[in-house]
2 protein chains.
Amino acid sequence: MYTFTEENYLKAIYHLSENTKKGAATNAIAERLNTKAASVTDMLKKLSDKKLLVYKKYQGVNLTDLGKTVAIKTVRKHRLWEVFLVNKLEFGWEEVHEIAEQLEHIQSTKLTDKLDEFLAFPKYDPHGDPIPNKDLVFPNRTDQTLTECSLNDIVIVKGVKDTSADFLNYLKKLNLGLGEELEILEKEDYDNSMKVKINGGSLLNLSHQVCANLFVITK
Amino acid sequence: MYTFTEENYLKAIYHLSENTKKGAATNAIAERLNTKAASVTDMLKKLSDKKLLVYKKYQGVNLTDLGKTVAIKTVRKHRLWEVFLVNKLEFGWEEVHEIAEQLEHIQSTKLTDKLDEFLAFPKYDPHGDPIPNKDLVFPNRTDQTLTECSLNDIVIVKGVKDTSADFLNYLKKLNLGLGEELEILEKEDYDNSMKVKINGGSLLNLSHQVCANLFVITK
DNA sequence: TGTAATATTTAGATTTGCCTAAATTTAAAC
DNA sequence: GTTTAAATTTAGGCAAATCTAAATATTACA
Ligand SMILES: [Mn+2]
Ligand SMILES: [Mn+2]
Ligand SMILES: [Mn+2]
Ligand SMILES: [Mn+2]
């Protein structure tokens, strides 16, 4: 449907617009894609003709709904392949991006969805970035557990996955409740435990089991 | 290293030269790649410049060792991905070719080799075609078991994988020995059993266990 | 062996995506 | 408010891969 290049442009513009309200700047796109501003201008006109984005000279660009859909589909594929490479093929999380940049352009919705299923519908990629589902909906941030957070993240405890009395009592014993702020100081590879700082004060070691049962939002 | 298009040309020429000794004809290549003879001629000159094949006007082409290596690497990737799609993602064997045509161009030797390992170093793809190993060596034909053969194949029994007395006695009881010719009449999806005709005569039902322990060569 | 049919190559163009250099617009600084 | 700097766009061109139409070579066969 769309070319390799078109998908890369749309994904770059999508990421550049993620935080800011303003349209993506020509120079910023060029830098992200390791190309020249003049090439970007050429391409923006073509993508505009195809109704994938709205372009006004000198004003930067914004994706249309169609453009956003294509971009998010590409992000979905990219992140699913990264999960595959790390979880199934035992790649390191630092070496998968490059390969996923290629795999994200494979055209087959069925493949993407079967891969998603094979991976047990992961919500986050190896870098902690959220993976949109088949309907292109991103996971609710409150679905994220502490396990899925990255080193140095600062998060707020929003809920528990395990609602057993045992778990809740243990949390009380740790002085760990809803609304607490946690800073991830260490992630131990050996047993997936974490060292965290609570409310900028005391330190705590949390086992993998605890981390996996705490819903948090990233600050 | 090589483009999508270059790999496709080399693979096509490789397959066309597989049986015949003669070089691949321009028209045959064009047909295989759904393109025009004139485009093929253009491309052959470029591939010749890159020492991937030997081209003499009007004489057809033959791959150089380098060209053959690139072609076989591509075949390896294609067939490994097909195994992945069928064995891991549960695609039907009839729907994987198209997707593998895309996946075969992903550039990463490490990925290919890790995928190979993840799939437990398969020797044949879902269509029964042999998969070259990391060193680009094709499996010895005598490594092929009856299980890996396709419907209507006619094969010769060349050996047994299970050398237990139990198995050999059972074979004797079935009147099935080395040198016998088997025609595969049916492959039962339910239990992977096969109905075969022995030496053009009597019919036999062989369980999956039996098939998986018979080394054969395709006639 | 000469002619017709077939295969192949050349010529001239097109599309996609990219580049450099020059011109133009917008934003920043004085 | 000019002037200057930065961002962006235009102009002109190039390489890869393709196409159609025309020219040439090979092969088939009368
Ligand atoms: Mn990535
Ligand atoms: Mn990622
Ligand atoms: Mn195939
Ligand atoms: Mn195959």
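To find a chain, count down the sequence lines: A is the first, B the second, and so on, and within it residues start at 1.
- Side-chain atoms of A:Lys36 lie closest to C:dT20 of the nucleotides C:dT20, D:dT8, C:dT8.
- Rounding to whole angstrom units, CD of residue A:Glu7 and P of C:dG17 are separated by 12 Å.
- Using a 4.5 Å heavy-atom cutoff, the side chains of B:Leu103 and A:Leu103 are in contact.
- The closest donor-acceptor contact from the side chain of B:Thr69 to the backbone of B:Asp65 lies under 3.5 Å.
- At whole-Å resolution of the value, CD in A:Glu31 and C1' in D:dA7 are 13 Å apart.
- Side-chain contact between A:Val196 and A:Val155: absent, with no pair of heavy atoms (C-beta onward) separated by less than 4.5 Å.
- Between A:Asn27 and D:dT8 there is a side-chain N or O to OP1 or OP2 distance below 4.0 Å.
- The CD atom of B:Glu6 sits 11 Å away from the C1' atom of D:dA17 (whole-angstrom rounding).
- Dashed line: the shortest gap from a side-chain N or O of A:Thr35 to OP1 or OP2 of C:dC19 is under 4.0 Å.
- Of the side-chain N and O atoms in A:Tyr9, none sit less than 4.0 angstrom from OP1 or OP2 of C:dT16.
- Rounded to a whole Å, the CZ atom of A:Arg32 is 18 Å from the P atom of D:dA7.
- At distances below 3.5 Å, at least one donor-acceptor pair connects side-chain atoms of A:Thr112 with backbone N or O atoms of A:Ser108.
- The phosphate of C:dT16 (OP1 or OP2) has no side-chain N or O of A:Thr5 nearer than 4.0 angstrom.
- Among the heavy atoms of the strands, none lies under 4.0 Å from A:Phe4.
- Between B:Thr3 and D:dA17 there is a side-chain N or O to OP1 or OP2 distance below 4.0 Å.
- Atoms CD1 (B:Ile29) and P (C:dT8) sit 9 Å apart, rounded to a whole Å.
- In terms of modelled atom types and a separation under 3.5 Å, the side chain of A:Lys195 and the main chain of A:Leu203 share no donor-acceptor contact.
- Ring centroid separation for the pair A:Phe84 and B:Phe84 comes in under the 6.0 Å cut-off.
- Remark: C1' of C:dG17 and CG of A:Leu10 are 15 Å apart, rounded to the nearest angstrom.
- The residue B:Tyr55 sits close only to the backbone: its heavy atoms come under 4.0 Å of sugar-phosphate atoms, none of a base.
- The only member of A:Glu82, A:Glu104, A:Glu7 that meets salt bridge (Lys or Arg N to Asp or Glu O under 4.0 Å) when paired with A:Lys77 is A:Glu7.
- A cation-pi arrangement is absent between B:Lys50 and B:Tyr2 under the rule of less than 6.0 angstrom and at most 45 degrees off the ring axis.
- For B:Asp191, the CG atom counts as densely surrounded, since its 6.0 Å shell holds more than 12 non-hydrogen atoms of other residues, nucleotides or ligands.
- The stretch residues 37-50 of chain A touches DNA chain C through A:Ala38, A:Ser39, A:Asp42, A:Met43, A:Lys46, each having a heavy atom within less than 4.0 Å of the strand.
- Taking atom CG of A:Asn8 as the reference point, atom C1' of C:dT16 lies 15 Å away to the nearest angstrom.
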Would you tabulate the pairs of protein nitrogen or oxygen atoms and nucleotide nitrogen or oxygen atoms of nucleotides 25-27 of chain D closer than 3.5 angstrom?
residue	atom	partner	partner atom	Å
D:dA25	O4'	B:Tyr58	OH	3.1

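- Within 6.0 Å of CD in A:Glu95 there are more than 12 heavy atoms belonging to other residues, nucleotides or ligands.
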